[in-house]
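Below: the structure, in structure tokens.
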Amino acid sequence: MRIYVAGHRGMVGGAIARKLTDRGVDVVTRTHAELDLTDQAAVRSFFEKEKPDAVVLSAAKVGGIHANNTYPAQFIYENLMIECNVIHEAYASGVQRLLQLGSSCIYPRAVLQPMREDALLTGILEPTNEPYAIAKIAGIKMCESYNRQYGTDYRSVMPTNLYGPGDNFHPENSHVLPALIRRFHEAKEQSLREVVIWGSGKPRREFLHVDDMADASLFVLNLPKQVYEANTQPMLSHINVGTGTDVSIKELAEMVAAATGYLGRITQDTSKPDGTMQKLMDVSRLADMGWKADIDLQTGIEQTYAWYLANIDRLRQA
Ligand SMILES: NC(=O)C1=CN([C@@H]2O[C@H](COP(=O)(O)OP(=O)(O)OC[C@H]3O[C@@H](n4cnc5c(N)ncnc54)[C@H](OP(=O)(O)O)[C@@H]3O)[C@@H](O)[C@H]2O)C=CC1
Ligand SMILES: C[C@H]1O[C@H](OP(=O)(O)OP(=O)(O)OC[C@H]2O[C@@H](n3cnc4c(=O)[nH]c(N)nc43)[C@H](O)[C@@H]2O)[C@@H](O)[C@@H](O)C1=O
């Protein structure tokens, strides 16, 4: 079995590639510099040469609320191109099974919580990440369309907000959890009296550790076809992945402050966007199939902070 992991240098792709290697699978990889997945001809010749048995599509243009809001053209263009090229060229080279990663932002911004898979396309999306969400919805619909027309077995998982070793700790473009780890750590180092978090602190998010996400991805990839099909529908085929619990951003900030040992004040910058007020996944579809998350948020934050400290020199140069 040879599995191509697209995006193996990223946080999630890296965790998936490590788990596959540990299980003795032959993992095929290319860095972004070696293969630009927005280049159709390059992706075609890669698949013609390598002919993997299966594909995990974890490469994407990824970022937090600020990056999504600031670079909308890149988020929609690059993600649509990556999906079109990888999914179509995988099909054209005879790949029967593929797993692609979407995101919880596919659901309408004011949807009933927790968000069920069948809430897809029932309302207006969150404007700060609509272009990214549209691309992710297109990815689901591509997989379903190829399955219906060509009989492929292409699956989609929708992760909640993820974090862990290998995350992006950029001060502006990252997601909230790594951004706060960095900000609280630097505030402690510099003995600052105050740390400012973006928005009102009231939005609620659900955080899943990347090792749990990698485990869930391989669980879904390896499900027998009849089990996957029995638990999904041809035109509603995606599966939510999360923990089933959420925290407010204020609560998250307090947890990160405690983990880093920061003792000063926490204040809010309400000129920054809140985004969606709550994003909590209904994870019953995956739970019914036998998977649940293992790493609690407290442990995950402490472990991620330890990883940050161990890699701090390299991360500061990036
Ligand atoms: N992180 C999160 O909180 C969440 C992530 N997801 C989804 O999970 C998946 C993995 O995300 P994550 O690991 O966090 O993201 P990362 O940014 O850590 O990894 C993405 C990887 O994709 C690569 N990549 C991006 N564009 C291209 C391209 N044009 N050609 C080749 N490679 C490319 C990147 O390479 P390089 O860095 O060199 O550009 C990087 O290695 C994505 O589909 C994302 O949308 C979903 C929900 C939440
Ligand atoms: C995974 C998901 O990620 C993005 O959506 P998001 O959930 O809004 O992600 P976020 O992690 O950037 O923010 C979560 C909340 O946290 C608040 N917040 C406080 N202080 C900081 C801070 O310092 N940085 C960031 N980024 N946010 C902060 C911030 O204002 C917001 O209220 C999508 O665009 C899309 O990419 C997607 O699918």
Side-chain angles (χ1 to χ4, degrees), residues 5-17 29-39 42-43 46 56-70 72 74-75 77-79 81-83 85-86 100-107 109 126-133 135-136 139 156-164 166-168 170-184 195-208 210 213-214 217 241-242 248-250 252-253 256 266 268-270 272-279 281 318:
V5 178
H8 75 290
R9 281 199 170 165
M11 176 174 68
V12 182
I16 291 173
T29 59
R30 291 291 187 280
T31 65
H32 191 158
E34 289 164 348
L35 176 61
D36 180 353
L37 296 170
T38 65
D39 178 341
V43 176
F46 163 77
V56 176
L57 175 49
S58 187
K61 172 80 178 163
V62 180
I65 192 166
H66 172 79
N68 268 269
N69 220 4
T70 310
Q74 283 173 264
F75 273 82
Y77 172 76
E78 292 178 29
N79 286 316
M81 292 297 283
I82 290 170
E83 289 160 11
N85 292 340
V86 173
Q100 64 128 1
L101 282 81
S103 167
S104 58
C105 68
I106 60 163
Y107 295 114
R109 69 184 308 248
E126 158 60 29
T128 54
N129 56 36
E130 187 191 63
Y132 172 79
K136 292 295 187 182
S156 301
V157 281
M158 297 301 117
T160 186
N161 293 45
L162 305 172
Y163 71 97
D167 211 339
N168 167 13
H170 189 277
E172 279 90 38
N173 292 334
S174 67
H175 291 102
V176 61
L177 201 154
L180 294 186
I181 285 182
R182 179 175 180 158
R183 198 168 309 142
F184 281 109
V195 163
V196 181
I197 61 170
W198 298 354
S200 66
K202 290 179 186 157
R204 299 187 70 81
R205 296 287 185 274
E206 174 189 13
F207 295 95
L208 180 73
V210 65
M213 184 62 216
S217 299
V241 187
S248 73
I249 296 302
K250 181 82 192 308
L252 175 76
V256 175
I266 301 172
Q268 282 101 35
D269 176 356
T270 51
K272 294 283 201 302
D274 273 337
T276 309
M277 287 315 287
Q278 188 177 19
K279 275 195 282 182
M281 294 291 213

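We count ligands from 1, going down the list as the structure has it; atoms in each ligand are counted the same way.
Counting heavy atoms closer than 4.0 Å to ligand 1, residue Leu101 contributes atoms from both its backbone and its side chain.
Nearest to atom 28 (C) of ligand 2 among the protein's heavy atoms is Val176 CG2, 3.4 Å. Ranking protein heavy atoms by distance to atom 36 (O) of ligand 2, first place goes to Gly63 O, 2.9 Å. Summary of contacts: the protein heavy atom closest to atom 33 (C) of ligand 1 is His32 ND1, 3.5 Å. The protein heavy-atom contact nearest to atom 20 (N) of ligand 2 is Trp198 N, 3.0 Å. Among protein heavy atoms, atom 2 (C) of ligand 2 sits closest to Lys279 NZ, 3.7 Å.
Among Arg205, Met277, His175, Lys202, the residue whose heavy atom lies nearest to atom 3 (O) of ligand 2 is His175. The option with the heavy atom closest to atom 20 (C) of ligand 1, from among Ser174, Gly7, Ser104, Ala60, is Ala60.
The shortest side-chain heavy-atom distance between Gln100 and Ser156 falls under the 4.5 Å cut-off.
No side-chain N or O of Gln268 forms a donor-acceptor pair with one of Thr270 less than 3.5 Å apart.
Residue Leu37 has at least one N or O atom closer than 3.5 Å to an N or O atom of ligand 1.
Within ligand 1, the atoms closer than 4.0 Å to a non-hydrogen atom of His175 are 1 (N), 2 (C), 3 (O), numbered from 1 in the order shown.
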